[in-house]
Amino acid sequence: MASLSPYAGCPCLDGQRLPCMARPSGMCYDSPAMSSQPRPVVTRFAPSPTGFLHIGGARTALFNWLFARHHGGTFRLRIEDTDRKRSTEEAVAAILEGLRWLGLEWDGAAVHQFAGAAHHAEVARGLLEAGRAYHCYCTREELQEMRTRARAEGRSPRYDGRWRDRDPAEAPPGVPPVVRLKAPRAGETTIDDLVQGPVTVANDQLDDMVLLRADGTPTYMLSVVVDDHDMDVSHVIRGDDHLTNAFRQTQLFEALGWARPEFAHIPLIHGADGAKLSKRHGALGVEAYRELGYLPEALRNYLLRLGWAHGDDEVISTEQAIAWFDLDGVGRAPARFDFAKLDSLNGHYIRAAADKDLAGKVAERLQATAGQVLDTGARERLQRAMQGLKLRAKTINELAENAAFYVAARPLELSEKAARLLPEEGRARLGRLRPLLEGLDDWSEAALEAQVRAFAEAEDCKLGQIAQPLRAALSGSHASPGIFEVMAVLGRGESLGRIADQQSAS
RNA sequence: GUCCCCUUCGUCUAGUGGCCUAGGACGCUGGCCUCUCACGCCGGAAACAGGGGUUCGACUCCCCUAGGGGACGCCA
């Protein structure tokens, strides 16, 4: 037994009190003395780097983050890259970037699961030596046939355990075996899920899962269990597509003699049509939401309300979310993703945002889309314009579009609707108004309004009959912030110039 | 096919046996405000999947049916 790995010799497995080399504490929580101790809260987000961070993953990360923060615990990040063929560095970078953008900072360094492969394999060998696992020499064809037959006979397609008790001497030559867990065949396994409640599955529904591939590398199922144990993960919060995995993992934890973390399987997010949101079915990466002009705080708030509620509260700050979040508020039904509500929330957060930040984002956007380089004056003008603009936009993109006229070069191009606001009569009226404006000493919103109103009265027309032509001339559009605000923000020179442009055009 | 999970307005949800003539939010819609568009404010339509129980009393508890979803890999 001298060759036993630290895990196989761990007190949790054989009752001896040997140091557990894998953990800083040198001790496993599952030793009898410690099992009743409350564990510090440690959650983890464990994405596989096969693509961007999609919206479902983002919500899982958010819940893990909130739960850890709420309980004063630790939120860890683990990259599940044991599938070497499908994992890419770009995906890792995209996931990290996505989490940062969302404001979900993780504690400590990100763990790359594959780095622990040798250790994981060692744990499997310990199980082998302890008689809790065995070699299986089935070929893929054999397995395939087994599954096909089981399905045809109305049984759950799974491995039948044919090598479980077979003499290894019968092993076919030249076939590298996989290592399978010798899972209990009778009885049942129950997990007390923090979201789903108690869920029980008969053990004969679960087959002997592969722990080590024929090439000796660990499978996800093994690595997850070992890593969760090593990282002292206390709560596994993940999508409920992992619910059945929880049973297998429970069996593994038991075979290893380790305490199992608590499980919380949250329902998946569905697309607007009710079907599972997948990468080819409407699931966008979080960076796409940024491109679409959504604010991270709005996305966080929206995601939080998808499957979680705190009474009638809708707009919830991050501070409140941390104070209120717990697993008992998580529902069990899948939710559909609804852009209309996200828009509404985003509009709310835009209105609440500081003008300076908004102007910065708009400038960035304008430069990115129109290649427009803005000088300090233009940036300042944008910032002053935000007050009126932010009431009228649901996204940063929309905000930028609406702001564009403020920094556009003269002469302005009129939209079709704007052109219709400038009939001959309107242009003539602009011509009569301009000298009055020129004579104005005070170019403030209030003074401008007083002057234009007086002009309308003198012309015996409604305010709209002069305000609309002004709007068209100044903004090039039929809809804009209040026209006096527009003039004030534009300033005297630019305003007069734009009016002159339209006036002389007739 | 087998196993597991789910089911309140179109959508997200509140509701833990009587407080429910089922509340809020988004969306839709009528109106107010008004220089346009928004914002804001006031109002409206809109749901307990169906069927059985349990109970003095079920949206709330149990069972069945239907529908939806997920899992069944040497993927994660």
Side-chain angles (χ1 to χ4, degrees), chain A residues 46-50 80-83 85-87 113 136 138 140 143-144 147 150-159 176-180 193 195-197 199-202 204-207 209-215 217-221 223-224 239-245 247 265 267-268 270 272 274-276 302 305-315 331-345 347 351 388-394 402 417-418 421 449 452-453 456 462-472 475 477-484:
Chain A
S48 63
T50 55
E80 311 241 306
D81 55 354
T82 54
D83 185 344
K85 291 189 266 309
R86 295 200 295 171
S87 301
Q113 189 161 64
C136 167
C138 280
R140 285 165 197 273
L143 257 14
Q144 186 54 45
R147 281 191 271 269
R151 198 178 286 258
E153 289 169 11
R155 303 195 324 269
S156 184
R158 55 183 183 268
Y159 175 65
V178 299
V179 172
R180 286 183 184 271
D193 195 277
V195 168
Q196 306 289 335
V199 186
T200 301
V201 144
D204 61 16
Q205 292 296 323
L206 275 11
D207 60 7
M209 65 185 140
V210 172
L211 266 18
L212 246 35
R213 300 187 181 94
D215 66 4
T217 59
T219 60
Y220 157 81
M221 213 62 84
S223 294
V224 169
D240 71 9
D241 50 341
H242 281 282
L243 186 58
T244 50
N245 288 338
F247 293 101
H265 290 91
L268 265 19
H270 288 175
K276 182 188 181 183
Y302 178 71
R305 286 289 291 104
L306 229 43
W308 180 85
H310 183 267
D312 284 338
D313 295 301
E314 294 287 348
V315 177
R332 289 194 272 177
R336 297 185 187 204
F337 194 91
D338 180 19
F339 270 102
K341 189 151 183 177
L342 208 210
D343 280 349
S344 162
L345 229 26
R351 271 170 261 138
L389 249 21
K390 66 182 178 184
L391 262 28
R392 298 168 167 77
K394 300 288 193 204
N402 294 344
K417 283 183 183 173
L421 292 177
E449 173 159 7
V452 174
R453 280 188 188 277
K462 290 193 166 183
L463 183 57
Q465 288 177 279
I466 181 61
Q468 288 298 76
L470 263 179
R471 186 182 321 283
S475 75
S477 160
H478 69 286
S480 79
I483 201 60
F484 308 116

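Naming: A, B, ... by sequence-line order, numbering from 1 per chain. Every heavy atom of this structure was used, including side-chain atoms; hydrogens, water molecules and symmetry mates were not.
- With sequence neighbours excluded, no residue forms a salt bridge (charged side-chain N to carboxylate O under 4.0 Å, His left out) with A:Arg332.
- Between the CG atom in A:Leu345 and the OH atom in A:Tyr302 there is a gap of 9.0 Å [rounded to 0.5 Å].
- Rounded to a whole angstrom, the distance from the C1' atom of B:rU34 to that of B:rG40 is 12 Å.
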message: Walk me through whether A:Thr219 and A:Met209 qualify under side chain to side chain contact (heavy atoms under 4.5 Å, CB included).
response: CA-CA 9 Å; A:Thr219 60; A:Met209 65 185 140; over 6 Å; no
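- We find that CH2 of A:Trp308 is positioned 12 Å from C1' of B:rA14, with the value rounded to whole Å.
- Across all strands shown, B:rU54 forms no Watson-Crick or G-U wobble pair with both key distances under 3.5 Å.
- Side chain of A:Arg147, nearest nucleotide from B:rG73, B:rC12, B:rG70: B:rG73.
- Not a single side-chain hydrogen bond (donor to acceptor under 3.5 Å, both in side chains) links A:Asp312 to another residue, sequence neighbours left out.
- Comparing B:rC33 with B:rC26, their C1' atoms are spaced 23 Å from each other, to the whole Å.
- Using N1 to N3 plus N6-O4 or O6-N4 for Watson-Crick, or N1-O2 and O6-N3 for G-U wobble, each under 3.5 Å, B:rC41 pairs with B:rG31.
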Review item, nucleotides 66-69 of chain B N/O atoms under 3.5 Å of protein N/O:
from, atom 1, to, atom 2, distance (Å)
B:rG69, O2', A:His270, NE2, 3.4

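- B:rG18 and B:rA76 have their C1' atoms separated by 49 Å, given to the nearest Å.
- At the heavy-atom level, A:Asp343 lies nowhere under 4.0 Å from the strands shown.
- Across all strands shown, A:Gly331 has no heavy atoms under 4.0 Å from either base or sugar-phosphate atoms.
- Contacts of A:Gln205 with the nucleic acid, taken as non-hydrogen atoms under 4.0 Å apart, involve only primed sugar atoms and P, OP1 or OP2.
- We find that A:Lys341 and A:Asp338 are not joined by a salt bridge, their nearest charged nitrogen and carboxylate oxygen being 4.0 Å or further apart.
- Applying the side chain to side chain contact (heavy atoms under 4.5 Å, CB included) test to A:Val178 and every residue at least two apart in sequence or in another chain returns A:Cys136, A:Arg180, A:Val210, A:Ala214.
- The distance from atom CG of A:Asp313 to atom C1' of B:rC12 is 14 Å, rounded to the nearest whole Å.
- With sequence neighbours excluded, the residues that form a salt bridge (charged side-chain N to carboxylate O under 4.0 Å, His left out) with A:Arg453 are A:Glu449.
- For A:Asp204, the side chain to side chain contact (heavy atoms under 4.5 Å, CB included) partners two or more places apart in sequence, or in a different chain, are A:Ala202.
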field: Nucleotide-resolved protein contact map, nucleotides 60-65 of chain B, B/S/- at heavy-atom distance under 4.0 Å
entry: ------
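- Atom pair A:Glu80:CD and B:rG73:C1' shows a separation of 16 Å (rounding to whole Å applied).
- Along RNA chain B, the nucleotide nearest A:Ala309 and the nucleotide nearest A:Thr219 are compared for position; the residue whose nucleotide lies closer to the 5' end is A:Ala309.
- Every residue meeting the salt bridge (charged side-chain N to carboxylate O under 4.0 Å, His left out) condition with A:Asp207, not counting sequence neighbours, appears here in chain and number order: A:Arg248.
- The partner of B:rG1 is B:rC72, judged by Watson-Crick or G-U wobble contacts that both fall below 3.5 Å.
- On the C1' atoms, B:rG23 is 8 Å away from B:rG15, given to the nearest whole Å.
- Nucleic acid contact for A:Thr217: none, since no nucleic acid atom lies under 4.0 Å from a heavy atom of the residue.
- Distance noted for atom P between B:rA14 and B:rC35: 43 Å (whole Å).
- The CZ-P distance, from A:Phe337 to B:rG27, rounds to 15 Å in whole Å.
- Using a 4.0 Å heavy-atom distance criterion, A:Ala335 is classed as a sugar-phosphate-only contact.
- Across the C1' atoms, B:rG53 and B:rA58 are found 12 Å apart, a figure rounded to whole Å.
- Of all nucleotides present, only B:rU7 satisfies the Watson-Crick or G-U wobble test against B:rA66, with each distance under 3.5 Å.
- Applying the side-chain hydrogen bond (donor to acceptor under 3.5 Å, both in side chains) test to A:Asp193 and every residue at least two apart in sequence or in another chain returns A:His265.
- Comparing A:Glu153 and A:Asp215 along RNA chain B, the residue whose closest nucleotide (by nearest heavy atom) sits nearer the 5' end is A:Glu153.
- Rounded to a whole angstrom, the distance from the P atom of B:rU7 to that of B:rC48 is 15 Å.
- To the nearest 0.5 Å, atoms CD (A:Gln113) and OG (A:Ser48) are separated by 10.0 Å.
- Counting heavy atoms from C-beta on, the side chains of A:Thr244 and A:Val201 never come closer than 4.5 Å.
- Put simply, the side chain of A:Arg305 gets close to the backbone of A:Asp313: a donor and an acceptor are under 3.5 Å apart.
- Using a 4.0 Å heavy-atom distance criterion, A:Val178 is classed as a base contact.
- Using atom C1' as the reference point in both B:rC72 and B:rC56, the two lie 48 Å apart (nearest Å).
- For A:Lys462, the side chain to side chain contact (heavy atoms under 4.5 Å, CB included) partners two or more places apart in sequence, or in a different chain, are A:Gln465.
- Under 4.0 angstrom from either OP1 or OP2 of B:rA76 there lies at least one side-chain N or O belonging to A:Thr82.
- If you measure from atom NE2 of A:His310 to atom P of B:rG24, you get 18 Å, rounded to the nearest angstrom.
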Per-nucleotide protein contact string for nucleotides 31-48 of chain B, where B marks a base within reach and S marks sugar-phosphate only (heavy atoms under 4.0 Å, - for neither): ----BBBBSS--------
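- Across all strands shown, A:Cys138 has heavy atoms under 4.0 Å from base atoms, whether or not it also approaches the sugar-phosphate.
- Phosphate proximity of B:rC74 to A:Arg180: present, with a side-chain N or O under 4.0 Å from OP1 or OP2.
- With sequence neighbours excluded, no residue satisfies side-chain hydrogen bond (donor to acceptor under 3.5 Å, both in side chains) with A:Tyr159.
- Proximity of A:Arg151 to the phosphate of B:rC72: no side-chain N or O atom is located under 4.0 Å from OP1 or OP2.
- Remark: P of B:rA25 and CG of A:Asp338 are 16 Å apart, rounded to the nearest angstrom.
- Atom pair A:Phe247:CZ and B:rC4:C1' shows a separation of 7 Å (rounding to whole Å applied).
- When the side-chain nitrogen and oxygen atoms of A:Arg332 are compared with OP1 and OP2 of B:rC6, one or more of them lie within a distance under 4.0 Å.
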